[in-house]
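Note sheet for the following structure.
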Amino acid sequence: MSPDLARELREKCSGLDIPLVGFAPVDRWESPPFEPWVPAEFRPAAIYPEARTVIVIGLPVSLPILDTTPSIWYHELYRTVNSLLDGFGYRIASFLSARGYPSIPVPRDGYGHVSILKERPVAFFSHRHAAYCAGLGTFGVNNMLLSREFGPRVRFTSILTTALLPPDPVVEEELCIRCGKCVEACPVRALEEGEYPKVLTDKRTCATRAEELNRRFISPCGLCIRVCPVGRDRALYHREDTGIYEGENELRSDLHRAWAHVRAYGGR
Ligand code: B12
């Protein structure tokens, strides 16, 4: 176990403006906390047998930009966050490898095109499950990992390392309050009332919508993470009241005008 290395790593992440970092020992995948759990061949020990720890980092998507979805603005933010995740994953792995701990980054997504997900909506490694094991949050009805800081408005990537790092505790309290707002917000009814993992996203229906938005240059959708009331980011951006999303309403007509304006440009 290397506390000095862990401290250096956290300092490095803070220098890169990465707000969420967690360490998960690979054996956490071997005792499923709930079912269905990650099948054996998707676990870090199967993918990189030398791995001892999975480092998970999370970068938020800014709520006022997500509020405009589907739009070119959220589309571009999504691309920026994705490339930062891949870049930071590479740098953290290089930092550790140079110190004698071979490490490799996993791509933040891991598919070639959304059409592939319609045939098989699964990647070789799940960052949500890794983030759960690294103590960054709990699963919500929208099947996303909710963090205390940003609710589901955070994207993750993972680094598989041979370094033994001090594990972060898994979050015990359920962060999802089961308000059902994500279920209501889904325009293609891909979510159901009920709790994760008993009820999961209808992935094919969700991927079909993503494909349609992709053709219009305004993917991804993100409506199920926009409306989630969980996350301290709502207070930061003064968006505590999720009533602002209930159709055109008097509550914040200024916001509705702004969203309509942004949506009218840059995509189809
Ligand atoms: C494929 C994929 C999709 C597909 C399928 C959705 C899905 N729920 O899996 C589509 C295109 C539809 C999609 C949509 C979205 N996605 Co997506 N997606 C992924 C991706 C690339 C792979 C997920 C995966 O295959 N994991 C591996 C398998 C093993 O895990 P699993 O799918 O969870 O399946 C397990 C269980 O659920 C169960 N299971 C699965 N299906 C079934 C069915 C039955 C009947 C049963 C019993 C069990 C079961 O078995 C599996 C083993 O445990 C990940 C990136 C990654 N590599 O992690 C992002 C990721 C999950 N997506 C993300 C996001 C944010 C979204 C969207 C909000 C769009 C957006 N970017 O704004 C929507 C939300 C959709 C939703 N509410 O579910 C984020 C989630 C962040 C978070 N905070 O949790 C991720 C992690 C990307 C990232 N790098 O941050 N996504």
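Here, residue 1 is the first one in the sequence, and each next residue gets the next number. Order of appearance sets the numbers: ligands from 1, and atoms from 1 within every ligand.
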Heavy-atom contacts with [X] under 4.0 Å: which atoms of ligand 1 show up? List them by number with element.
X: Pro152; result: 83 (N)
X: Cys224; result: 74 (C), 77 (N)
X: Cys206; result: 12 (C), 14 (C), 75 (C)
X: Ala207; result: 12 (C)
X: Pro220; result: 69 (C), 70 (C), 71 (N), 72 (O)
X: Gly222; result: 72 (O)

Please report whether ligand 1 has a polar contact with [X], defined as an N or O pair separated by less than 3.5 Å (distance criterion only).
X: Leu145; value: yes
X: Val38; value: yes
X: Ala123; value: yes
X: Tyr111; value: no
X: Phe156; value: yes
X: Tyr78; value: no

Where the closest heavy atom to [atom] is concerned, which of [options] has it?
atom: atom 59 (C) of ligand 1; options: Leu191, Asp109, Val114; answer: Asp109
atom: atom 29 (C) of ligand 1; options: Phe139, Phe150, Phe42; answer: Phe42
atom: atom 80 (C) of ligand 1; options: Lys118, Arg120, Met144, Arg155; answer: Met144
atom: atom 72 (O) of ligand 1; options: Phe125, Trp37, Phe124, Tyr74; answer: Tyr74
atom: atom 82 (C) of ligand 1; options: Val56, Val154, Leu213; answer: Val154

Self-check item: Taking every non-hydrogen atom, the tightest pair across Arg189 and Val183
Solution: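 For Arg189 and Val183, the tightest heavy-atom pair comes out as NH1-O, 3.6 Å.
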
Among protein heavy atoms, which sits nearest to [atom], and what does the distance come to when rounded to 0.1 Å?
atom: atom 3 (C) of ligand 1; answer: Leu117 CD1, 4.3 Å
atom: atom 1 (C) of ligand 1; answer: Pro121 O, 3.4 Å
atom: atom 76 (C) of ligand 1; answer: Thr201 OG1, 3.4 Å
atom: atom 28 (C) of ligand 1; answer: Val122 CG1, 3.9 Å
atom: atom 77 (N) of ligand 1; answer: Asn142 O, 2.8 Å
atom: atom 34 (O) of ligand 1; answer: Lys203 NZ, 3.6 Å
atom: atom 43 (C) of ligand 1; answer: Leu200 CD1, 3.7 Å
atom: atom 33 (O) of ligand 1; answer: Arg128 NH2, 2.8 Å

Report yes or no: does [X] contribute a side-chain atom to a donor-acceptor pair with the main-chain N or O of [Y] at less than 3.5 Å?
X: Asp168; Y: Gly135; result: no
X: Thr69; Y: Cys221; result: yes
X: Asn143; Y: Thr201; result: yes

Honestly, is [X] close enough over [Y], meaning NZ or CZ under 6.0 Å from the six-membered ring centre and within 45° of the axis?
X: Arg226; Y: Trp259; value: yes
X: Arg263; Y: Tyr74; value: no
X: Arg128; Y: Tyr132; value: no

Exercise. Can you confirm whether something in the protein, heavy atoms only, sits under 4.0 Å from atom 15 (C) of ligand 1?
Key: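 False for atom 15 (C) of ligand 1.
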
Self-check item: Under-4.0 Å protein heavy-atom contact, atom 38 (C) of ligand 1
Solution: yes

Does [X] have more than 12 heavy atoms from other residues, nucleotides or ligands lying within 6.0 Å of its [atom1]?
X: Arg120; atom1: CZ; value: no
X: Tyr237; atom1: OH; value: yes
X: Glu211; atom1: CD; value: yes

Quiz item: Parallel, tilted or perpendicular for Trp37 and Phe34, by the 30°/60° rule?
Solution: perpendicular

Exercise. For ligand 1, note which part of His129 has a heavy atom under 4.0 Å away: side chain, backbone, both or neither.
Key: side chain

Quiz item: Are the charged groups of Glu119 and Arg204 less than 4.0 angstrom apart, N to O?
Solution: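 A salt bridge is absent here (no side-chain N lies under 4.0 Å from a carboxylate O).
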
Practice problem: Could you tell me the separation between the CD atom of Glu76 and the CD1 atom of Ile72, rounded to the nearest 0.5 Å? | Solution: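 If we round to the nearest 0.5 Å, Glu76:CD and Ile72:CD1 are 5.0 Å apart.
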
Practice problem: Applying ring pair (Phe, Tyr, Trp, His ring centres under 6.0 Å), run through Phe125 and His127 and close with a yes or a no. | Solution: CA-CA 6 Å; Phe125 184 78; His127 297 301; 5.6 Å; yes

Quiz item: Under 3.5 Å, is there a donor-acceptor pair between the Tyr245 and Asp67 side chains?
Solution: yes

